[in-house]
Amino acid sequence: MSRVFLARLGKLWLACILFFLYAPIAVMAFMSFNASQYYQLPFDFSLKWYEKLAGNQEIVDAATRSVMIALATTVIATILGTAASVALFRYDFRGKRFLQVMLFPPIAIPWLITGTAMLIFFFGVGLGRGTPSVIIGHVALALPYVIVVVSARLATFDATLEEAARSLGADSWTVTREVTLPWISSGVIAGALFAFAVSFDQFVVSYFLSEPGDSTLPVLIYTSIRKGFTPEINAISTIIIVVSMAVMLFAARFSNFGGER
């Protein structure tokens, strides 16, 4: 086989994968503008489902709660994760390798098991269900992502820059603020975006730890589908996708995720 044929075959395979991934999303977004509740064709353009969505206070409250929990999770996980990454980068101590290895099980363990364990633990310590439990659970899930992303950025950092700053009289906080953080800022932003996405999209842990009648948006969407699907779900899902993609494109444009060029 020629290289040209293999290249074309590879492009075709990539196109098939992208179609498989994005075609359902495109159909969902397309049908969110269809006036028919039962997806009847021909297509009749309408914004009625977005209007109904704006008037659905239950969905608005759930979306607001999800955003607030995700923002709280992002702030806490980003601060703790960045601090942990810098500590792992700067210092050698007993058990360091073990801690680095233990970052991956929370990512690999099925969230159903994690959610069950968290529910049992929070009831065991007397915290029970509620917003504090949900935030703690989301931080525990998001923290490994932040540490992995920031640590990857720190791997490209020249430690002699910190040594040079110290030799000029800078203390540890000044070195961190003026030298280290500017270098790893793109990694911190990427970690924060991961934390927000993990929290906002999290269903299993939120399902286990949320109080009845005070659900996050993913939990509400799940329960709404069980009761009976309406195109309002298409509308809110389309909004989530558009906002998420806009945030990621903005971050990629201004944070040099692809390198220095």
Side-chain angles (χ1 to χ4, degrees), residues 8-56 58-71 73-74 107-108 110-112 115 138 141-142 145 148-149 189-207 210 215-255 257-258:
R8 291 178 178 176
L9 184 62
K11 292 179 180 179
L12 177 62
W13 179 250
L14 178 60
C16 291
I17 293 176
L18 292 176
F19 178 81
F20 177 78
L21 291 175
Y22 290 103
I25 297 176
V27 171
M28 178 195 67
F30 185 71
M31 286 301 175
S32 70
F33 296 99
N34 191 356
S36 173
Q37 181 176 353
Y38 304 103
Y39 307 141
Q40 293 177 348
L41 297 175
F43 182 84
D44 183 14
F45 180 83
S46 175
L47 296 175
K48 64 181 292 186
W49 302 116
Y50 289 89
E51 295 172 357
K52 287 191 175 183
L53 176 64
N56 190 325
E58 186 179 16
I59 292 181
V60 173
D61 291 341
T64 302
R65 184 168 185 262
S66 290
V67 170
M68 298 306 297
I69 290 176
L71 289 175
T73 299
T74 300
I107 299 176
W111 284 344
L112 179 62
H138 286 194
L141 293 178
Y145 291 90
V148 168
V149 172
I189 294 173
L193 290 172
F194 270 111
F196 185 90
V198 168
S199 175
F200 190 76
D201 296 334
Q202 179 55 236
F203 165 72
V204 177
V205 171
S206 300
Y207 183 80
S210 295
S215 302
T216 60
L217 187 57
V219 176
L220 180 64
I221 291 175
Y222 171 74
T223 55
S224 299
I225 292 176
R226 292 181 61 187
K227 295 177 182 178
F229 187 84
T230 66
E232 292 175 61
I233 303 301
N234 285 343
I236 187 63
S237 299
T238 301
I239 293 174
I240 292 173
I241 292 171
V242 170
V243 172
S244 300
M245 292 183 66
V247 171
M248 292 301 295
L249 290 174
F250 177 84
R253 171 63 180 82
F254 293 99
S255 300
F257 288 167

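Here the structure is a predicted model, which means the values were calculated and not measured.
Heavy-atom neighbours of F196 CZ from other residues, nucleotides or ligands within 6.0 Å: above the threshold of 12.
Residue I239 holds its CD1 atom at 5.0 Å from CD1 of I236, rounded to the nearest 0.5 Å. A distance of 10.0 Å separates CD1 in I17 from CG in L12, rounded to the nearest 0.5 Å. Summarising the geometry, atom CG belonging to D201 is positioned 10.0 Å from atom OG belonging to S206; distances are rounded to the nearest 0.5 Å. Rounding to the nearest 0.5 angstrom, the gap separating the CG atom in D61 from the OG1 atom in T216 is 13.0 Å. Note that the CZ atom of F194 and the CG atom of L141 stand 14.5 Å from one another [nearest 0.5 Å]. A distance of 9.0 Å separates OG of S32 from CG of L47, quoted to the nearest 0.5 Å.
Ring geometry, F33 versus F45: the interplanar angle falls under 30°, so the pair is classed parallel (tilted spans 30 to 60°).
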**OP:** Show your working on side-chain contact (heavy atoms from CB on, under 4.5 Å) between H138 and V198 and close with a plain yes or no.
**Re:** CA-CA 8 Å; H138 286 194; V198 168; over 6 Å; no
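Across T73 and A195, no two heavy atoms sit closer than the pair CG2-O, 4.4 Å. Shown here for G191 and V149, the closest heavy-atom pair between the two residues is N-CG1, 3.8 Å. A pairwise comparison of heavy atoms in S199 and A70 identifies OG-CA, 3.2 Å as the closest pair. For the residue pair F200 and V67, the shortest heavy atom distance occurs at CE1-CG2, 3.7 Å. Across W49 and A235, no two heavy atoms sit closer than the pair O-CB, 4.2 Å. Residue G115 comes nearest to V205 through the heavy atom pair CA-CG2, 4.2 Å, listed as atom of the first residue, atom of the second, then distance.
For S66, there are no side-chain hydrogen bond (donor to acceptor under 3.5 Å, both in side chains) partners, not counting sequence neighbours.
Within the structure, side-chain hydrogen bond (donor to acceptor under 3.5 Å, both in side chains) pairs that include any residue of residues 11-25 do not occur (at least two apart or interchain).
In terms of modelled atom types and a separation under 3.5 Å, the side chain of Q202 and the main chain of V204 share a donor-acceptor contact. Under a 3.5 Å cut-off, the side chain of S237 and the backbone N or O of N234 do not form any donor-acceptor pair.
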